Visitor: 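Structure below; questions to follow.
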Amino acid sequence: YVGALQRMDPAQFDLSVQVDYLFGAPAAGLVVQTDVTLTPAYSPFPDFSSYRFIPELEGDRQQLLQLAETTTDETGRARLQGDLSDRVPALWPQQVQLRSEVIDVDGRITVASATPLLASGQTFIGLRTRASSNTRHDRETPVVIDLVAVDSDGMAAPLTEPLRWRLVRLDRYYNWYRAGGRWRYRSYTTESGISAGTVELASIPRADQPHGTVELPPLARWGRYRFDVMTVDGRVQTSQPFQVGWVQQAGIETTPDHLEIRFDQSSYAQGSTARVQIAAPFDGPGQLILAGQTVERVLPFEVRDGVAD
């Protein structure tokens with residue numbers, strides 16, 4: 001592709017691809033086919049690589065577009081034109097995958113590709129959590145969320161209005177039903193609101209520090225949570241999922257016999273006390289088995305309201 005291609009204007013973009021033979025002569029009269037793939041970009045800005053800029057999305061959010069076939073001119077250059085303005089979401093950044101195939105006279109195909117970011121002119125909100133390990137928190141410490149505002153060129157951007165946020169807890173449940181003489185099930189996740197508020201970002205933001213911070217009190221209940229930043233009309237703009245406690249999954253998460261074993265620490269010293277929580281999709285008795293080369297202990301427990309401590 002001609003020129004440095006790091007940002008691409010979504011409205012009426014006009015690019016060129018230069019095709020030359022190995023010995024340097026321009027490759028004229030060759031067919032060029034180009035596909036464009038748009039993909040949500042979780043963390044596309046180098047100066048803010050620790051921040052997440054999109055919400056949790058369901059399904060495949062890739063958008064595919066095939067540009068009109070073109071032919072190289074006498075200088076070996078072909079123009080690529082299109083309009084992506086109607087395909088750009090208003091809330092999160094998009095990465096573009098350009099892939100051009102040039103078909104030689106003998107049928108061989110040469111491929112060129114580039115991955116620019118769409119320069120949409122919008123301001124995006126990034127989130128990160130100050131967790132000791134990835135996005136896991138313990139129950140004794142506050143949950144701290146850092147926020148930044150970044151334009152589509154990757155530069156810190158000022159915001160004049162405060163941002164709305166909310167904290168929700170995520171719980172998975174299962175419904176059994178009978179169809180065609182067989183028992184089947186559906187899984188679904190519920191969202192329970194925990195708290196909400198607003199936060200103001202710095203009027204003169206800097207790239208080397210957060211533009212705003214939300215500190216949440218320690219969360220007593222172990223499990224999965226999500227911190228959302230919302231637009232004025234209530235749409236989720238950016239999300240940061242995290243969990244409280246250390247979770248070990250038993251079985252496959254999408255099946256109703258799935259259990260979660262949650263620990264208060266990632267490791268334990270000999271002689272220390274471990275606090276363990278069992279999460280189940282239904283209530284009832286169970287057994288926790290501690291074993292090495294042999295079974296050391298069998299601890300009975302009772303699941304009530306989906307958990308047992």
Side-chain angles (χ1 to χ4, degrees), residues 1-49 51-126 148-157 207 231 235 237-238:
Y1 295 98
V2 178
L5 191 58
Q6 296 182 348
R7 299 286 187 272
M8 193 173 78
D9 189 347
Q12 298 297 330
F13 68 85
D14 191 345
L15 308 174
S16 296
V17 59
Q18 178 66 42
V19 185
D20 297 316
Y21 289 112
L22 184 61
F23 50 85
L30 299 184
V31 174
V32 180
Q33 299 174 341
T34 301
D35 294 328
V36 179
T37 304
L38 294 177
T39 306
Y42 284 78
S43 184
F45 308 114
D47 290 341
F48 303 93
S49 58
Y51 291 85
R52 174 190 173 104
F53 286 86
I54 72 171
E56 287 194 303
L57 302 175
E58 295 183 358
D60 185 4
R61 293 301 184 100
Q62 283 191 341
Q63 302 179 66
L64 303 178
L65 173 68
Q66 189 171 47
L67 301 185
E69 188 176 281
T70 185
T71 304
T72 57
D73 59 19
E74 64 276 5
T75 66
R77 182 167 295 191
R79 294 181 65 185
L80 309 176
Q81 296 176 299
D83 186 352
L84 300 176
S85 57
D86 62 339
R87 296 172 178 260
V88 180
L91 300 178
W92 55 80
Q94 291 275 302
Q95 197 85 47
V96 182
Q97 173 70 48
L98 290 170
R99 188 179 189 275
S100 296
E101 293 185 350
V102 181
I103 305 175
D104 205 346
V105 291
D106 60 0
R108 291 181 300 174
I109 296 177
T110 302
V111 177
S113 62
T115 55
L117 191 69
L118 279 186
S120 59
Q122 300 162 340
T123 298
F124 305 111
I125 305 301
V148 292
V150 181
D151 63 25
S152 57
D153 290 325
M155 305 297 292
T231 60
R235 291 181 296 167
Q237 181 171 359
T238 317

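Only this structure's heavy atoms are used, side chains among them; waters, hydrogens and symmetry mates stay out. Fair warning: this is a prediction, and the values are worked out from it, not measured in the lab.
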Visitor: Within a strict 4.5 Å, meaning less than it, do heavy atoms of the V36 and L80 side chains meet?
Guide: no
Visitor: From T110 OG1 over to D104 CG, what is the distance, rounded to the nearest 0.5 angstrom?
Guide: 6.5 Å
Visitor: Taking the side chain as C-beta and beyond, is there a heavy-atom pair between P55 and Q237 under 4.5 Å?
Guide: no
Visitor: So which heavy atom on T75 is nearest to which on D73, and how close?
Guide: OG1-OD1, 2.6 Å
Visitor: Distance from I125 atom CD1 to Y51 atom OH, nearest 0.5 Å?
Guide: 11.5 Å
Visitor: Between L98 and L15, is a side chain to side chain contact (heavy atoms under 4.5 Å, CB included) present by the stated rule, with each step listed?
Guide: CA-CA 11 Å; L98 290 170; L15 308 174; 3.6 Å; yes
Visitor: Taking only residues two or more places apart in sequence or in another chain, which ones pass side chain to side chain donor-acceptor pair (under 3.5 Å) with E101?
Guide: R99
Visitor: Grab the two heavy atoms, one from A78 and one from T70, that are nearest each other, plus how far apart they are.
Guide: CB-CG2, 3.8 Å
Visitor: Supply the atom-to-atom distance R108 CZ to L30 CG, rounded to the nearest 0.5 angstrom.
Guide: 11.0 Å
Visitor: State yes or no: are the ring centers of F53 and F45 separated by less than 6.0 Å?
Guide: yes
Visitor: Taking side chain as C-beta onward, heavy atoms only, is P44 less than 4.5 Å from Q95?
Guide: yes
Visitor: Is any side-chain heavy atom of V96 less than 4.5 Å from a side-chain heavy atom of L38?
Guide: yes
Visitor: Testing the basics here: between Q81 and L67, what is the closest heavy-atom pair and its distance to 0.1 Å?
Guide: O-CD2, 3.8 Å
Visitor: T72 vs V32, test: side chain to side chain contact (heavy atoms under 4.5 Å, CB included). Steps then yes/no.
Guide: CA-CA 7 Å; T72 57; V32 180; 3.8 Å; yes
Visitor: Assess the side chains of D35 and Q33: does a donor N or O sit below 3.5 Å from an acceptor N or O?
Guide: no
Visitor: If you round to the nearest 0.5 Å, how far is OG of S152 from CG of L118?
Guide: 9.0 Å
Visitor: Considering all heavy atoms of both residues, which atom of S113 and which atom of Q97 are nearest to each other, and what is their separation?
Guide: CB-NE2, 3.6 Å
Visitor: Can you tell me how far CD of Q94 sits from OG1 of T39, rounded to the nearest 0.5 angstrom?
Guide: 7.0 Å
Visitor: Within the side chain of S43, is there an N or O that forms a donor-acceptor pair under 3.5 Å with the backbone of S49?
Guide: yes
Visitor: With rounding to the nearest 0.5 angstrom, report the OG1 to CE distance, T123 to M155.
Guide: 12.5 Å
Visitor: Return the minimal non-hydrogen interatomic distance between G154 and D47, and the atom names on each side.
Guide: O-OD2, 4.5 Å
